[in-house]
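Okay, structure first, notes after.
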Amino acid sequence: MDWATLAATGLGALVGVGSTLLADRVRWQRDLTERNRQERKEIYVACLTKYRQAYEDMYAAANRTADGATGDGVTRDAAVREVFRASGSDEVRESALICAPQEMSDAIEAVYATLRELMEVLAAGNPPLDSPEFQEHRLRHARAVWDARAAMRGDLERRV
């Protein structure tokens with residue numbers, strides 16, 4: 001028996017198995033990266049959507065109670081704070097902070113901080129909703145949202 005033939009066959013088998021394992025590893029890593037990217041995308045969308053809904057609901061509650069209380073005696077402060085608590089903003093924020101990279105966590109926290117600031121303004125009713133001062137609070141929140149969106153797009157487009 002020729003040993004060279006046997007060695008070449010064995011070496012060919014090792015190369016074939018090795019290349020298959022390497023290709024599987026690369027495919028697995030690519031799939032894992034894509035799954036992680038998709039998970040972050042879902043978290044980012046949920047976070048911004050919850051924040052937006054919380055703002056809109058707080059604004060509506062502040063408008064409903066513009067005269068101080070609803071028909072059932074709930075004050076503006078209580079109504080706005082209850083809407084915020086029920087919005088799910090805290091829960092989605094925690095999910096985002098756990099799963100997002102640090103630079104994204106900072107952007108998400110900036111949006112959350114401006115949302116909390118809006119909650120305080122809406123709950124107090126001061127400044128009035130139609131005032132330039134209120135619009136400045138609202139624009140500060142909008143800028144934080146735009147900055148977070150840009151950072152999120154950058155994070156999702158980045159290839160690892």
Side-chain angles (χ1 to χ4, degrees), residues 2-63 77-124 129 132-160:
D2 186 8
W3 288 102
T5 304
L6 187 58
T9 302
L11 183 60
L14 282 175
V15 168
V17 167
S19 65
T20 299
L21 289 174
L22 181 62
D24 284 348
R25 172 71 180 172
V26 168
R27 188 178 313 111
W28 173 80
Q29 186 64 43
R30 186 182 62 237
D31 291 347
L32 179 63
T33 299
E34 180 56 27
R35 270 194 314 272
N36 288 340
R37 190 188 75 75
Q38 189 62 35
E39 180 181 288
R40 286 192 323 274
K41 179 182 174 184
E42 290 170 7
I43 289 170
Y44 297 160
V45 169
C47 189
L48 291 180
T49 302
K50 288 283 187 183
Y51 287 176
R52 179 66 187 174
Q53 192 63 52
Y55 166 73
E56 290 177 5
D57 291 348
M58 288 187 304
Y59 188 87
N63 262 341
D77 183 72
V80 169
R81 290 178 191 285
E82 179 54 34
V83 164
F84 181 81
R85 269 191 297 280
S87 72
S89 294
D90 288 325
E91 294 83 354
V92 75
R93 171 181 166 249
E94 290 302 323
S95 293
L97 294 178
I98 289 170
C99 298
Q102 185 59 47
E103 61 273 8
M104 288 309 311
S105 295
D106 294 342
I108 290 166
E109 277 293 283
V111 176
Y112 183 79
T114 61
L115 183 64
R116 292 290 301 225
E117 179 183 307
L118 279 169
M119 179 194 67
E120 295 297 334
V121 167
L122 289 167
L129 300 181
E133 293 84 13
F134 176 75
Q135 292 306 315
E136 187 55 41
H137 288 285
R138 194 187 61 72
L139 288 173
R140 192 174 11 257
H141 176 67
R143 280 190 292 274
V145 170
W146 277 105
D147 291 345
R149 281 185 191 134
M152 290 171 182
R153 278 192 297 273
D155 179 49
L156 295 172
E157 290 171 357
R158 184 176 46 221
R159 295 287 177 202
V160 178

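In this chain, numbering begins with 1 at the start of the sequence shown. Note: hydrogens, waters and symmetry copies are ignored here, and every other heavy atom, side chains too, is used.
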Quick one, Y51 with V92, criterion side chain to side chain contact (heavy atoms under 4.5 Å, CB included). Give me CA distance, side-chain angles, the key distance, then yes/no. CA-CA 9 Å; Y51 287 176; V92 75; 4.3 Å; yes
Residue pair W28, L32: steps toward the side chain to side chain contact (heavy atoms under 4.5 Å, CB included) verdict: CA-CA 6 Å; W28 173 80; L32 179 63; 3.9 Å; yes
For W146, does the six-membered ring have the charged nitrogen or CZ of R143 within the cation-pi criterion, i.e. under 6.0 angstrom from the centroid and within 45° of the normal? no
Between the CD atom in E42 and the CD atom in Q38, the distance rounded to the nearest 0.5 Å is 5.0 Å
Show the nearest heavy-atom pair for residues A123 and D77, with the distance to one decimal. CB-OD1, 3.3 Å
Which atom pair, heavy atoms only, marks the closest approach of V83 to A54? CG1-O, 4.4 Å
Quick check: closest heavy atoms across L156 and R40, and the distance to 0.1 Å? CD2-CB, 4.2 Å
Partners meeting salt bridge (Lys or Arg N to Asp or Glu O under 4.0 Å) with E82 (sequence neighbours left out): R85
In terms of heavy-atom contacts, Y59 and L122 come closest through N-CD1, 3.9 Å
How far does SG of C99 sit from CD of E39, to the nearest 0.5 angstrom? 5.0 Å
Between A148 and V111, what is the shortest heavy-atom contact and its length? CB-CG2, 3.7 Å
Smallest separation among heavy atoms of P101 and Y44, with atom names: CD-OH, 3.5 Å
Taken to the nearest 0.5 Å, the spacing of E109 CD from S105 OG works out to 7.5 Å
Should E120 and V80 count as side-chain neighbours, where that means a heavy-atom distance under 4.5 Å? no
Side chains of R138 and Q135: any donor to acceptor distance under 3.5 Å? yes
Would you say the side-chain atoms of E117 and H137 include a donor-acceptor pair closer than 3.5 Å? yes
For D31, is there an ion pair with R27 - N to carboxylate O distance below 4.0 angstrom? no
Looking at CE of M104 and SG of C47, how far apart are the two atoms once the value is rounded to the nearest 0.5 Å? 8.5 Å
Point-to-point distance, once rounded to the nearest 0.5 Å, from CG of D57 to OG of S89: 9.5 Å
May I ask you to say whether K50 pairs ionically with E94, meaning some side-chain N is under 4.0 Å from a carboxylate O? no
Working note: D106 + Q102, criterion side chain to side chain contact (heavy atoms under 4.5 Å, CB included); need CA distance, chi angles, decisive distance, verdict. CA-CA 6 Å; D106 294 342; Q102 185 59 47; 2.9 Å; yes
Going by an N to O cut-off under 4.0 Å, is there a salt bridge joining E34 and R30? no
Straight-line distance of H141 NE2 to R52 CZ, nearest 0.5 Å: 7.0 Å
Applying side chain to side chain contact (heavy atoms under 4.5 Å, CB included) to F84 and L115, what does each step give before you reach the verdict? CA-CA 9 Å; F84 181 81; L115 183 64; 3.7 Å; yes
